[in-house]
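Both backbone and side-chain heavy atoms feed into the values below; hydrogens, waters and symmetry mates do not. Residue numbers begin at 1 in each chain, while the letters A, B, ... track the order of the sequences.
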Amino acid sequence: MPELPEVQTVVNYLKQKLPGKIIQSVKCPNGYTGVFENGSLQKYNNFLNSKVLQSIHRRGKFIVIELNSGFLLIHLRMTGKIILEKPKSINMKYVSFQLKFSDASDLFFQDIRKFGRIYICKNLNWLEKILGLEPLSNDFTSKWLYEQLHKRKRMIKPLLLDQQFIAGLGNIYVDEALWKSGIHPKAISNEIGKKRSTQLSASIKAILNSAISFQGTTIINFSYGQNNKGNFSNELNIFGKTDIPCPKCSKPIIKNFVGQRGTHYCTKCQKY
DNA sequence: ACGAATGTTGCGGG
DNA sequence: ACCCGCAACATTCG
């Protein structure tokens, strides 16, 4: 259930391992062909065969692998996991995508819930169309955020989760950022003042950067490489802390649904 | 034992 | 434009 920091962590890991590898073939070990977002296994084989993996970066929650011609993208969704060194006990039942490289190594995409998707494309124009601003980019300023919040009239939490608005935030970090900036998850975007809006943009950047430095958050099953876990779990203030005293005011933290997403917040610290 | 919930996203409908 | 409900799927928790 990777969000921006987890995807960045995976990308940082892949960067040291993948560049230079040459694809020999594509497999779908468990037969779940729904993993191929744009075409059949046959088409993926045709497109990827003999391609050289070059640079790797993150855009939103997408892992973008640049090939010598075209791109290979991976979206982990809820339970997707990339494994490079084959463990003795890998359960191929959950591996829906596999790359075999010319040096006899492999990339396994293991995905228990099968929501993850693999994309192939010639360019990234379509991606830029569907994704909003990168929250860690220089363009994401307090001024930008304030203006954007006031152009709309939406509940702040669903808005922050909207990938077309800001790319990369998910349930954990939105809850954390709203708590840190004292904003109620149901607050209406254009009613958030300059001060808290500025606080929000700063909180988003600070939390994401901190989470990246801790290799992300593992709650249930995020891991990368050889089962490395994210260490930001210990740094969470609000997510998953139902009934635990708020670190700021000691009032027990509430969990409710906001826009169909489980949402943690403090009714004393977070105001409309 | 069974229904509900899980960190994601996309769709259709109002 | 936006919100809601539900869908994809498997596992775990209460």
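Partners of A/Asp139 under the side chain to side chain contact (heavy atoms under 4.5 Å, CB included) rule, at least two apart in sequence or in another chain, are A/Leu133, A/Ser137. A/Asp243 pairs by the salt bridge (charged side-chain N to carboxylate O under 4.0 Å, His left out) definition with nothing, not counting sequence neighbours. When the salt bridge (charged side-chain N to carboxylate O under 4.0 Å, His left out) test is applied to A/Arg59, the partners found at least two apart in sequence or on another chain are A/Glu128, A/Glu134. Evaluation of the salt bridge (charged side-chain N to carboxylate O under 4.0 Å, His left out) rule for A/Glu235 yields no partner, not counting sequence neighbours. Scored by the side chain to side chain contact (heavy atoms under 4.5 Å, CB included) test, A/Ile244 finds A/Lys241 as partners (sequence neighbours excluded).
Each side-chain hydrogen bond (donor to acceptor under 3.5 Å, both in side chains) pair with one or both residues in residues 35-50 of chain A, not counting sequence neighbours, appears once here: A/Asn38-A/Tyr44, A/Gln42-A/Asn46.
Within residues 145-157 of chain A, the residues having any heavy atom closer than 4.0 Å to DNA chain C are, in order of number, A/Arg152, A/Arg154, A/Met155.
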Listed pairs under 3.5 Å, donor-acceptor, residues 64-71 of chain A side chains, sequence neighbours left out:
{"from": "A/Glu66", "atom 1": "OE1", "to": "A/Ser55", "atom 2": "OG", "distance (Å)": "2.8"}
{"from": "A/Asn68", "atom 1": "OD1", "to": "A/Val52", "atom 2": "N", "distance (Å)": "3.0"}

Donor-acceptor pairs are to be reported for all side-chain atoms of residues 147-157 of chain A against protein atoms at under 3.5 Å, with residues two or more places apart or in another chain.
{"from": "A/Glu147", "atom 1": "OE2", "to": "A/Lys143", "atom 2": "NZ", "distance (Å)": "3.1"}
{"from": "A/Gln148", "atom 1": "OE1", "to": "A/Arg152", "atom 2": "NH2", "distance (Å)": "2.5"}
{"from": "A/His150", "atom 1": "ND1", "to": "A/Asn190", "atom 2": "O", "distance (Å)": "3.2"}
{"from": "A/His150", "atom 1": "NE2", "to": "A/Ile192", "atom 2": "O", "distance (Å)": "2.7"}
{"from": "A/Arg152", "atom 1": "NE", "to": "A/Gln148", "atom 2": "O", "distance (Å)": "3.3"}
{"from": "A/Arg154", "atom 1": "NH1", "to": "A/Asp162", "atom 2": "OD2", "distance (Å)": "2.9"}
{"from": "A/Lys157", "atom 1": "NZ", "to": "A/Asn171", "atom 2": "OD1", "distance (Å)": "2.5"}
{"from": "A/Lys157", "atom 1": "NZ", "to": "A/Asp175", "atom 2": "OD1", "distance (Å)": "2.7"}
{"from": "A/Lys157", "atom 1": "NZ", "to": "A/Gly262", "atom 2": "O", "distance (Å)": "3.3"}
{"from": "A/Lys157", "atom 1": "NZ", "to": "A/Thr263", "atom 2": "OG1", "distance (Å)": "2.9"}

Do any side-chain atoms of residues 112-121 of chain A form donor-acceptor pairs under 3.5 angstrom with protein atoms, and if so which ones, sequence neighbours left out?
{"from": "A/Arg117", "atom 1": "NE", "to": "A/Gly34", "atom 2": "O", "distance (Å)": "3.2"}
{"from": "A/Arg117", "atom 1": "NH1", "to": "A/Lys114", "atom 2": "O", "distance (Å)": "3.0"}
{"from": "A/Arg117", "atom 1": "NH1", "to": "A/Phe115", "atom 2": "O", "distance (Å)": "3.3"}

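A residue-by-residue look at A/Gly259 and A/Ile112 shows that A/Gly259 has its nearest nucleotide of DNA chain C further toward the 5' end.
Within 4.0 Å (heavy atoms only), A/Phe222 reaches at least one base atom of the nucleic acid.
For DNA chain C, the stems formed by at least three consecutive Watson-Crick or G-U pairs, with both atom-pair distances below 3.5 Å, span B:2-6 with C:10-14, B:8-14 with C:2-8.
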Inset, instruction - Spell out protein contact along nucleotides 8-14 of chain B as letters: B when the base is contacted, S when just the sugar-phosphate is, - when no protein heavy atom is under 4.0 Å; keep the 5' to 3' order. - result: BB-----

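A/Phe165 has its ring centre less than 6.0 Å from the ring centre of A/Trp144.
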